[in-house]
S.K.: 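Can you keep this structure in mind? I'll have questions shortly.
Just so we're on the same page: letters track the sequence lines, and every chain starts at 1. This one's a predicted model, so the numbers in the text were calculated from it and none came from an experiment.
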Number of protein chains: 2
Amino acid sequence: MRNYAHPDLADVTIEHALHALSDPVRLDIVRQLDRAGEASCAALDGGRPKSSMSHHFRVLRSAGLVHTRIAGVQHMNTLRREEVDKRFPGLLDAVLGVMG
Amino acid sequence: MRNYAHPDLADVTIEHALHALSDPVRLDIVRQLDRAGEASCAALDGGRPKSSMSHHFRVLRSAGLVHTRIAGVQHMNTLRREEVDKRFPGLLDAVLGVMG
DNA sequence: TTGATAGTTCGTATATAATCGAACTAGAGG
DNA sequence: CCTCTAGTTCGATTATATACGAACTATCAA
């Protein structure tokens, strides 16, 4: 795995983005990335198996929400904030602004 | 069927709302209700079978997004705009504001 | 080169969701 | 009461997601 393909946000539908955000594990990842700025997969796993996390990161990447950069042995993830905000204005603000 | 139970928005999670909105049929219903204000189930079916539509309306109701009022033989649906806006500020604006 | 660490991929099991026909229910009107 | 219409419920099928162990890959460090 040399590096990841990240979709152009223009090719991401709102349905796709909403679906990616509708899972509690993934929403938790997104919230943590919003706070932390950048984090490895392991830092966000909450004790879940690696294969499950890998699946959720893949969904988030395919929905254009998360960017993953390979840094040595770790894969560092960030929210694609500006791009998502441009494509879906207000969506992340709304989703991240909600109280439990 | 005398009338429907509509959940208190406080009991609806953002995950639940996002999931309801992430299906293309349901998103289409929501968009049409946003424009039309109020519509019967049949007016929004786009040629789909009644049982399928009934399922999607149930999901939308259970996510607190749609209110259904029985008016004679028809069931009239509206978006629960103000309540949803209060619970998830900016969410519907973001979802409904997106171009194609 | 060996070992450890981080994460992916594969395969499979299980759960959840979508689709839709058929039978049913409720209200309106003759 | 009969019938039409609008929508629900049931049941079965199929599709899509989730979960996760096991085997694999890549990088780093000793």
S.K.: For DNA chain D, which residues of residues 37-46 of chain B approach it to below 4.0 angstrom with any heavy atom?
M.R.: B:S40, B:C41, B:A42
S.K.: B:D23 CG to D:dT16 C1': how many Å, rounded?
M.R.: 12 Å
S.K.: Are the side chains of B:H75 and B:C41 in contact, using a 4.5 Å heavy-atom criterion?
M.R.: yes
S.K.: If you assign each of B:M53 and A:V73 to its closest nucleotide in DNA chain D, which residue comes earlier from the 5' end?
M.R.: B:M53
S.K.: Would you call B:D23 and B:D28 a side-chain contact if the rule is heavy atoms closer than 4.5 Å?
M.R.: no
S.K.: Show each protein N/O and nucleotides 21-23 of chain C N/O combination with a separation under 3.5 Å, one pair to a line.
M.R.:
unit_1: C:dG21; atom_1: N7; unit_2: B:S51; atom_2: OG; d: 3.1
unit_1: C:dG21; atom_1: O6; unit_2: B:S51; atom_2: OG; d: 3.1

S.K.: If you assign A:A71 and A:H19 each to the DNA chain D nucleotide with the nearest heavy atom, which residue ends up on the more 5' nucleotide?
M.R.: A:H19
S.K.: For A:A71, what residues pass the side-chain contact (heavy atoms from CB on, under 4.5 Å) criterion, not counting sequence neighbours?
M.R.: A:R69, A:M76
S.K.: Enumerate the residue pairs fulfilling ring-ring contact (aromatic ring centres under 6.0 Å, His included) with a member in residues 6-49 of chain B, sequence neighbours excluded, ordered by first and then second residue.
M.R.: B:H6-B:H67
S.K.: Over how many whole Å does the gap from A:Q74 atom CD to D:dT27 atom P extend?
M.R.: 14 Å
S.K.: Please state how far atom NE2 in B:H75 lies from atom C1' in D:dT5, giving the value in whole angstrom units.
M.R.: 11 Å
S.K.: Output the residues of residues 56-68 of chain A in contact with DNA chain C, where contact means a heavy atom of the residue under 4.0 Å from an atom of the strand; sort by number or write none.
M.R.: A:R61
S.K.: How long is the line joining CG of B:L21 and C1' of C:dA17, in whole Å?
M.R.: 16 Å
S.K.: With the threshold set at 4.0 Å, does a side-chain nitrogen-carboxylate oxygen contact exist between B:D93 and B:R81?
M.R.: yes
S.K.: Which ring-ring contact (aromatic ring centres under 6.0 Å, His included) pairs, counting each pair once, include a residue from residues 25-63 of chain B, with sequence neighbours left out?
M.R.: none
S.K.: Without decimals, in angstroms, what is the distance between B:M76 CE and D:dG7 P?
M.R.: 9 Å
